[in-house]
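Below: the structure, in structure tokens.
Each chain gets a letter, A, B and so on, in the order the sequences are listed, and its residues count up from 1.
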2 protein chains.
Amino acid sequence: MISKKTKYGIKALTYICANIDKSPIPTSVIAEEENISLKFLESILSTLRKGGILASKKGKKGGYYLRKDPNKIFMVDIIRLLSGPIAMVPCVSLNFYETCEDCPNEEECSTHRLMLEIRDSTLEVLRKKSLAQLTEESRGR
Amino acid sequence: MISKKTKYGIKALTYICANIDKSPIPTSVIAEEENISLKFLESILSTLRKGGILASKKGKKGGYYLRKDPNKIFMVDIIRLLSGPIAMVPCVSLNFYETCEDCPNEEECSTHRLMLEIRDSTLEVLRKKSLAQLTEESRGR
DNA sequence: TGTAAATCCTATTAAATCGATAGGATTAAT
DNA sequence: ATTAATCCTATCGATTTAATAGGATTTACA
């Protein structure tokens, strides 16, 4: 399960992408449109800014906008930033690898093997999907 | 991330499958071999029994054994039992569906769309992989 | 130059979940 | 009887989650 943080983050980014002409967009507008708690969303957008996905403009008429072309922002990076590892188990994580204390040999661990396959199929989806693409699919129908 | 419950459950099932000739296998043996807390494993195997994957024999010389042919036990069912929904979000879950309070229209929700694709690619892996197959891949190399 | 509207920062909290741990009741083989 | 197993219920500490609170700072604009 992904957290609400991740879910709200994706929705917010899609909103910003869909309204890219109106940016910077204040947190309050997104919170209202997407039914997200304002303060919670503030912290999420802050994470996305620190992570290099969003940029912000302070003060009146300020808000958030995309730092890069949404065709060049991929969902893997967003999910990694908001949720942490893509892998369902640290021992198959590319970016957050950890050994298991209970496994003498990773190669022989059935969980390891299975989760490796799931990680790969998930990565396949997330690496291909850009924010621009997701936004178009969701809104443009 | 999957829980340790799920991880240990998969490892235990693989152990039982790999040692099917010696079944029923007592919890204590699996706990020792796979470095799992005995009491924790007890509760996991109990879940697997109640879920119809394992059967048990009580008393001395008792233990757990597979209820069905391991070629006919698929990883989807095991994961569902131990972790709950395969989907990363309740609104795309086949077996644990729930509406989101914040979404007026699911079809237009970007998170929904993305998680639908991930669910499908994950299901693809989990539905195809049998316990027998996973056991062979992990142990037999 | 003052005010409104925004980001930004730090801290707290209530609730839920996780990963165990504890203690014993029950059942069956020898 | 004894031993070795499942089975059942309850508790617990730690961590994470999803907010909430309060305010400091920055900027547009009248």
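The side chain of Ser56(B) lies closest to dT6(D), out of dT6(D), dT7(C), dA29(C). Across dG24(C), dC8(C), dT6(D), the shortest atom-to-atom separation from the side chain of Lys39(B) is found for dG24(C).
Annotation: side chain of Leu94(B) is in contact with side chain of Leu123(B) (closest heavy-atom distance under 4.5 Å).
In summary, of the residues considered (Cys109(A), Cys100(A), Cys103(A)), a side chain to side chain contact (heavy atoms under 4.5 Å, CB included) with Cys91(A) occurs for Cys100(A) alone. The one candidate from Asp120(A), Val125(A), Ile118(A) that meets the side chain to side chain contact (heavy atoms under 4.5 Å, CB included) condition with Thr122(A) is Ile118(A).
For Lys7(B) against dG19(C), no side-chain N or O and base N or O form a donor-acceptor pair under 3.5 Å.
Taking only side-chain nitrogens and oxygens, Tyr65(A) never comes nearer than 4.0 Å to OP1 or OP2 of dA6(C). The shortest distance between the side-chain N/O atoms of Tyr8(B) and the OP1/OP2 oxygens of dG19(C) is not below 4.0 Å. An OP1 or OP2 oxygen of dT16(D) is reached within less than 4.0 angstrom by no side-chain nitrogen or oxygen of Ser3(A). Contact check, Tyr64(B) against dA5(D): no side-chain N or O comes under 4.0 Å of OP1 or OP2. Between dA29(C) and Lys57(B), a contact under 4.0 Å exists linking OP1 or OP2 to a side-chain N or O. For Thr27(B), a side-chain nitrogen or oxygen approaches OP1 or OP2 of dT6(D) to under 4.0 Å. Residue Ser43(B) places no side-chain N or O under 4.0 Å from the OP1 or OP2 atom of dA20(C).
What separates CE of Met1(B) from C1' of dT16(D) is a distance of 14 Å, to the nearest Å. For Leu38(B) and dG23(C), the CG to C1' distance is 13 Å, given to the nearest whole Å. As rounded to whole Å, 11 Å separates atom P of dT20(D) from atom NZ of Lys4(A). In this structure, Phe40(A) atom CZ and dT16(D) atom C1' are separated by 11 Å, rounded to whole Å. Between Lys60(A) atom NZ and dT25(D) atom P there is a gap of 21 Å when expressed in whole angstrom units. When rounded to the nearest whole Å, the span between NZ of Lys5(A) and C1' of dT16(D) equals 11 Å. Nucleotide dA4(D) holds its P atom 15 Å from the CD atom of Glu42(B), rounded to whole Å. Spacing between atom NZ of Lys61(B) and atom P of dT3(D) amounts to 16 Å, rounded to whole angstrom units.
Looking at every heavy atom in both residues, Asn71(A) comes nearest to Phe74(A) through O-CZ, 3.6 Å.
Within 4.0 Å of Ser37(B), counting heavy atoms only, lie sugar-phosphate atoms of the nucleic acid but no base atom.
Sequence order on DNA chain D of the closest nucleotides to Arg49(B) and Gly62(A) puts Arg49(B) first from the 5' end.
Going from atom CG of Asp102(A) over to atom NZ of Lys11(B) covers 3.5 Å, rounded to the nearest 0.5 Å.
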